[in-house]
Amino acid sequence: MILGIETSCDETAAALVTGEGEIRASVVSSQADLHARYGGVVPEVASRRHLELVTPVIREALSEAGATLDDVDRVAVTQGPGLIGALLVGLAAAKAVAWARRLPLVPVDHLNGHVASLYLQPDPLEPPFLCLLASGGHTMLLDVRGHGEHELLGTTLDDAAGEAFDKGARLLGLGYPGGRELDRLARDGDPKAYAFPVARVPGLDFSFSGLKTALLYAVRDLTPEELEARKADLAASYQHAIVRALVERVREAAAQAGRETIAVVGGVAANSELRASLPDARLAPLALCTDNAAMIASAARFTPAVAYPGYLGLDAYASR
Ligand code: KG4
Ligand code: ZN
């Protein structure tokens with residue numbers, strides 16, 4: 001059994017996954033409430049909270065799986081990218097558990113983790129496929145050729161898709177993190193009410209910063225009463241623009257790479273309009289879209305392990 005640990009941002013997570021990719025336990029403790037009053041994740045606050053939560057979350061995962069550390073053969077942990085202080089808490093916890101039990105440790109790249117959310121039971125996807133990875137920090141088109149083997153075909157030139165959702169939500173006065181709230185509000189609005197532009201940049205890249213400015217201008221022109229009345233329409237039109245850009249680009253990328261299967265992973269894969277717009281795509285299960293440790297343990301199945309005690313010198317990395 002693989003014990004996975006994930007602390008790259010504001011979710012403290014631990015999971016137990018078998019070598020065949022069956023999830024025995026997956027515990028995610030979100031710090032969203034803690035950061036809400038600041039309107040975003042405060043890195044130092046996140047690190048301190050991870051420190052408090054990491055041991056209880058690992059314990060809870062073990063108890064949910066009806067297992068003990070005796071059942072664990074490998075420890076997997078997110079090494080990066082992410083908030084460096086937050087990552088270090090998970091890495092230190094993973095090293096401690098692995099070292100105490102003389103177990104091997106598997107350092108996992110968070111983005112490989114998101115892709116590996118597709119490799120879990122009961123319906124694992126087999127490469128090759130074209131993968132859209134859309135999260136709070138990344139928007140990537142990956143030609144996935146094998147487990148842990150992919151080529152980057154396109155990425156965002158400015159904001160990530162999830163960041164665009166969060167910034168839009170903030171402009172509309174929704175809570176943090178705003179993506180899910182905006183998604184909910186958009187269901188009551190008209191996606192055609194506003195024609196928000198999405199920049200078409202060359203190649204297979206994305207750009208979302210102009211869209212955010214367009215929303216800012218639209219909001220600025222409204223009185224507080226008008227804003228309240230048009231909020232759902234603004235949300236629906238804004239979301240529609242992001243989703244349209246993602247869907248167009250992922251289809252183009254699949255055609256260019258000659259891939260028949262399109263897959264979507266990452267927090268934005270939870271978006272209801274995106275899911276409805278890609279009915280033929282493989283979408284990560286809702287519980288595995290946003291950050292979790294099951295996907296990290298899943299990636300560890302296809303990542304070389306570092307033998308005891310070689311991993312004690314491993315460092316985390318903030319960006320690739
Ligand atoms: O993958 P994730 O949990 O963390 C990162 O690795 O960044 O993604 C979080 C992002 C946030 O920007 C959040 O607003 C967005 O995913 N998100 C959504 C939805 N649920 C989460 N965006 C749009 N619609 C949703 N339903
Ligand atoms: Zn993530």
Side-chain angles (χ1 to χ4, degrees), residues 4-13 15 26 28-32 35-36 39-41 43 46 77-83 86-87 90 108-118 131-140 142 155-156 158-172 174-187 189 191 206 208 211-212 235-236 238-247 263-278 283-296 298-299 318-320:
I5 300 172
E6 150 68 40
T7 63
S8 68
C9 191
D10 63 341
E11 256 99 36
T12 318
S26 180
V28 180
S29 174
S30 173
Q31 308 179 2
H35 300 283
V41 179
V77 65
T78 308
Q79 190 182 15
L83 302 171
L87 287 162
V108 172
D109 184 280
H110 184 80
L111 305 176
N112 283 343
H114 274 298
V115 176
S117 65
L118 299 163
C131 187
L132 167 66
L133 189 169
S135 70
H138 300 272
T139 310
M140 296 177 159
L142 303 168
T155 187
T156 180
D158 39 60
D159 293 345
E163 202 178 350
F165 269 106
D166 293 338
K167 287 179 177 172
R170 195 177 195 166
L171 286 172
L172 293 176
L174 307 174
Y176 168 86
R180 210 174 56 189
E181 289 310 309
L182 198 146
D183 185 354
R184 197 172 301 158
L185 181 63
R187 282 170 214 173
F206 300 91
F208 293 111
L211 176 64
K212 178 186 62 193
Y238 185 78
Q239 171 174 284
H240 187 61
I242 298 175
V243 168
R244 207 178 51 217
L246 294 174
V247 170
V264 191
V265 300
V268 178
N271 184 263
S272 57
E273 187 181 345
L274 180 61
R275 295 181 87 85
S277 305
L278 290 167
L283 306 156
L286 273 183
L288 299 176
C289 288
T290 45
D291 289 346
N292 63 86
M295 69 184 196
I296 301 304
S298 177
S319 59
R320 266 178 158 177

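Whatever order the structure lists ligands and atoms in, that order sets their numbers, starting from 1.
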| field | Subset of ligand 1 atoms that lie under 4.0 Å from at least one heavy atom of H114 | value | 1 (O), 6 (O)
| said: If the cut-off is 4.0 Å to any non-hydrogen atom of F165, which atoms of ligand 1 fall inside it? | reply: 22 (N), 23 (C)
| Which atoms from ligand 1 have a heavy atom of S135 less than 4.0 Å away? | 1 (O), 5 (C), 6 (O), 7 (O), 8 (O)
| Are the side chain of D291 and the backbone of E11 linked by a donor-acceptor contact shorter than 3.5 Å? | no
| request: Among all protein heavy atoms, pick the one closest to atom 2 (P) of ligand 1 and tell me residue, atom and distance. | output: D291 OD1, 3.4 Å
| said: What I'd like to find out is whether the side chain of L142 reaches to under 4.5 Å of the side chain of L133, using heavy atoms alone. | reply: yes
| message | Check D158 with K212, please: is the shortest side-chain N to carboxylate O separation under 4.0 Å? | response | no
| task | In sequence, state the C-alpha distance, the side-chain angles, and the governing distance for S29 and Q31, and then conclude on side chain to side chain donor-acceptor pair (under 3.5 Å). | result | CA-CA 7 Å; S29 174; Q31 308 179 2; over 6 Å; no
| message | Just to check, does Q239 reach to within less than 4.0 Å of ligand 1 when the distance is taken from its heavy atoms? | response | no
| query | Between R170 and Y176, does a side chain to side chain contact (heavy atoms under 4.5 Å, CB included) hold up when you go through it step by step? | reply | CA-CA 7 Å; R170 195 177 195 166; Y176 168 86; over 6 Å; no
| Close N or O approach (H110, ligand 1; < 3.5 Å) | yes
| message | Under 2.8 Å from the Zn ion (ligand 2), is there any N, O or S atom belonging to C9? | response | no
| Atom of D291 closest to the Zn ion (ligand 2), considering N, O or S atoms | OD1
| Chi angles and distances behind the side chain to side chain contact (heavy atoms under 4.5 Å, CB included) call for L182, Q239 | CA-CA 8 Å; L182 198 146; Q239 171 174 284; 3.9 Å; yes
| request: Keeping the roles fixed (side chain from D166, backbone from P177), state whether a donor-acceptor pair exists under 3.5 Å. | output: no
| message | Suppose we measure from atom 26 (N) of ligand 1 to each protein heavy atom; which comes out shortest, and what is that distance? | response | D183 OD2, 2.9 Å
| request: Examine distances only and state if a side-chain atom of R275 and a backbone atom of A269 form a donor-acceptor pair shorter than 3.5 Å. | output: yes
| Shortest protein heavy-atom distance from atom 13 (C) of ligand 1, along with the residue and atom involved | D166 OD1, 3.7 Å
| task | Could you establish whether R184 and ligand 1 come within less than 4.0 Å of each other, counting only heavy atoms on the residue side? | result | no
| task | Distance to 0.1 Å, residue and atom name: give those for the protein heavy atom nearest to atom 22 (N) of ligand 1. | result | G179 CA, 3.6 Å
| What is the nearest protein non-hydrogen atom to atom 10 (C) of ligand 1, stated with its residue, atom name and distance? | G136 N, 3.5 Å
| message | Looking at E273, is its backbone amide N or carbonyl O close enough to the side chain of S277 to form a donor-acceptor pair, meaning the two atoms are under 3.5 Å apart? | response | yes
| Polar atom proximity, E11 to ligand 1 (N or O, under 3.5 Å) | no
| message | With a cutoff of 4.0 Å, is G137 in contact with ligand 1, counting heavy atoms of the residue only? | response | yes
| task | Pick whichever of A270, G267, S30 has a heavy atom sitting closest to atom 16 (O) of ligand 1. | result | G267
| T139 (side chain) donor-acceptor with T156 (main chain) under 3.5 angstrom | no
| field | Donor-acceptor contact present, side-chain D183 to main-chain G179, <3.5 Å | value | no
| request: Quick one: sort the H114 and H110 rings into parallel, tilted or perpendicular, breaks at 30° and 60°. | output: perpendicular
| Any N/O pair P177/ligand 1 closer than 3.5 Å | no
| note | Closest to atom 24 (N) of ligand 1 among protein heavy atoms sits N271 ND2, 3.0 Å
| request: Look at H114 and state whether any of its N, O or S atoms is less than 2.8 Å from the Zn ion (ligand 2). | output: yes
| remark: For G162, the ligand 1 atoms with a heavy-atom partner under 4.0 Å come out as 12 (O)
